[in-house]
Amino acid sequence: MILNSRLILALDVLSRDRALHLATALKDRVDYVKVGYPLILAAGLDIVGEIARIAPVIADLKIADIPNTNTLICEEVLDSGAAGIIAHAFVGRDSLSACVEAAREAGGLVFAVTEMSHPGAEELMGPAAERLARMAADCGVDGVVAPATRPERISLVRSIVGERAIISPGVGVQGGSPSAALKAGADSLIVGRSITESPNPAASADAILREIR
Ligand code: O7M
């Protein structure tokens, strides 16, 4: 995994042109561009390959299906040019292992979501997060997704996943602090609107980079 700037851009915009413009403007400031449903549904799967020609792409489809369907989804998005995929851990060991196998076949990275950053995640995911992190590590994922909105949860996940990467969303608009998330043990921050909705996206990315250096 690339860990230079420790910034992953969440490119949740709905226009192909805007996405390509932002990716080009920010490519030297981020390690990966995370592309998910909003952009893929708006612009089509080809956008993954187009962005991948600018910067490495992590496809955030939060894959959560039976093993066979998970395999098909992973193959399709990895074939389209993604360097990594994100899957949900809660669907179980067999489903997550299918994603790990597909990623290995393609030479890609796989990250598992163990607990999400929004308040509702405390209802069901929070209480299961430690088990999910343990299972994800057992399945051989490259990393897990843990919430910057709850840095203490990042520290807990770190104690479970050891050297595996922790990528962490929820800074800025969702209220988390970039430096607190990294201090708690995150390897990289996933940042969207604080950058993409800024009048000066490059300057906003630079401000985050200054804070975490
Ligand atoms: O910085 P934001 O809030 O504009 O965007 C955060 C991005 O991270 C956005 O793409 C979310 O879908 C994603 N995300 C979360 O905000 N919380 C989570 O718990 C998990 C993710 C995510 O990326 O999961 C892989």
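Note that ligands are numbered from 1 as they come in the structure, with each ligand's atoms numbered from 1 the same way. Atom set for the values below is all heavy atoms of this structure, side chains included, hydrogens, waters and symmetry mates excluded.
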ask   = Does Glu115 reach ligand 1 with a nitrogen or oxygen that is under 3.5 Å from one of the ligand's nitrogen or oxygen atoms?
value = no

remark   = Ile86 heavy atoms within 4.0 Å reach ligand 1 at atoms 25 (C)

key: Closest protein heavy atom to atom 21 (C) of ligand 1, given as residue, atom name and distance to 0.1 Å   = Pro169 CG, 3.5 Å

Residue, atom name and distance, where the atom is the protein heavy atom closest to atom 19 (O) of ligand 1 = Ser117 N, 2.7 Å

request  = Give the residue and atom name of whichever protein heavy atom lies nearest to atom 7 (C) of ligand 1, and the separation in Å to one decimal.
outcome  = Ala10 CB, 3.8 Å

task = Using a strict 4.0 Å cut-off to heavy atoms of Asp60, name the atoms of ligand 1 that fall inside it.
result = 22 (C), 23 (O), 24 (O), 25 (C)

query = What's the verdict on salt bridge (charged side-chain N to carboxylate O under 4.0 Å, His left out) for Asp138 and Arg93, showing C-alpha distance, side-chain angles and the deciding distance?
reply = CA-CA 9 Å; Asp138 285 352; Arg93 190 176 295 266; 3.6 Å; yes

query = Does Val173 have a heavy atom less than 4.0 Å from any atom of ligand 1?
reply = no

task = Say whether Gly192, considering both its backbone and side-chain N or O atoms, lies within less than 3.5 Å of an N or O atom on ligand 1.
result = yes

inquiry  = For atom 2 (P) of ligand 1, tell me which residue out of Glu197, Arg193, Met116 has the closest non-hydrogen atom.
reply    = Arg193

task = Begin from the C-alpha positions of Glu130 and Ile160 and carry the test side chain to side chain contact (heavy atoms under 4.5 Å, CB included) through to its verdict.
result = CA-CA 7 Å; Glu130 287 172 63; Ile160 295 168; 3.8 Å; yes

request  = Provide, to 0.1 Å, the distance between atom 9 (C) of ligand 1 and the closest protein heavy atom, together with that atom's residue and name.
outcome  = Asp12 OD2, 3.2 Å

query = Quick one: are Pro56 and Val33 in side-chain contact, heavy atoms under 4.5 Å?
reply = no

task = For atom 11 (C) of ligand 1, find the nearest protein heavy atom and state the residue, atom name and distance (0.1 Å precision).
result = Lys34 NZ, 4.1 Å

message = If the test is side chain to side chain contact (heavy atoms under 4.5 Å, CB included), which one of Ile166, Val141, Thr114 qualifies with Val161?
response = Ile166

Residue, atom name and distance, where the atom is the protein heavy atom closest to atom 16 (O) of ligand 1 = Gln174 NE2, 2.8 Å

Derivation of the salt bridge (charged side-chain N to carboxylate O under 4.0 Å, His left out) call for Asp187 and Arg158 = CA-CA 10 Å; Asp187 293 292; Arg158 171 57 71 209; 2.7 Å; yes

query = Under the side chain to side chain contact (heavy atoms under 4.5 Å, CB included) criterion, do Ser177 and Glu211 qualify, and how do the steps go?
reply = CA-CA 10 Å; Ser177 140; Glu211 179 183 332; 3.9 Å; yes

Between Thr149 and Gln174, a side-chain donor and acceptor under 3.5 Å = no

query = Where do Asp142 and Arg104 land on the salt bridge (charged side-chain N to carboxylate O under 4.0 Å, His left out) test, with the steps shown first?
reply = CA-CA 10 Å; Asp142 296 289; Arg104 294 291 163 263; 3.2 Å; yes

key: Val48 versus Gly81, closest heavy-atom pair with distance   = CG1-C, 4.1 Å

ask   = Among protein heavy atoms, which lies nearest atom 12 (O) of ligand 1, and at what distance?
value = Lys62 NZ, 3.7 Å

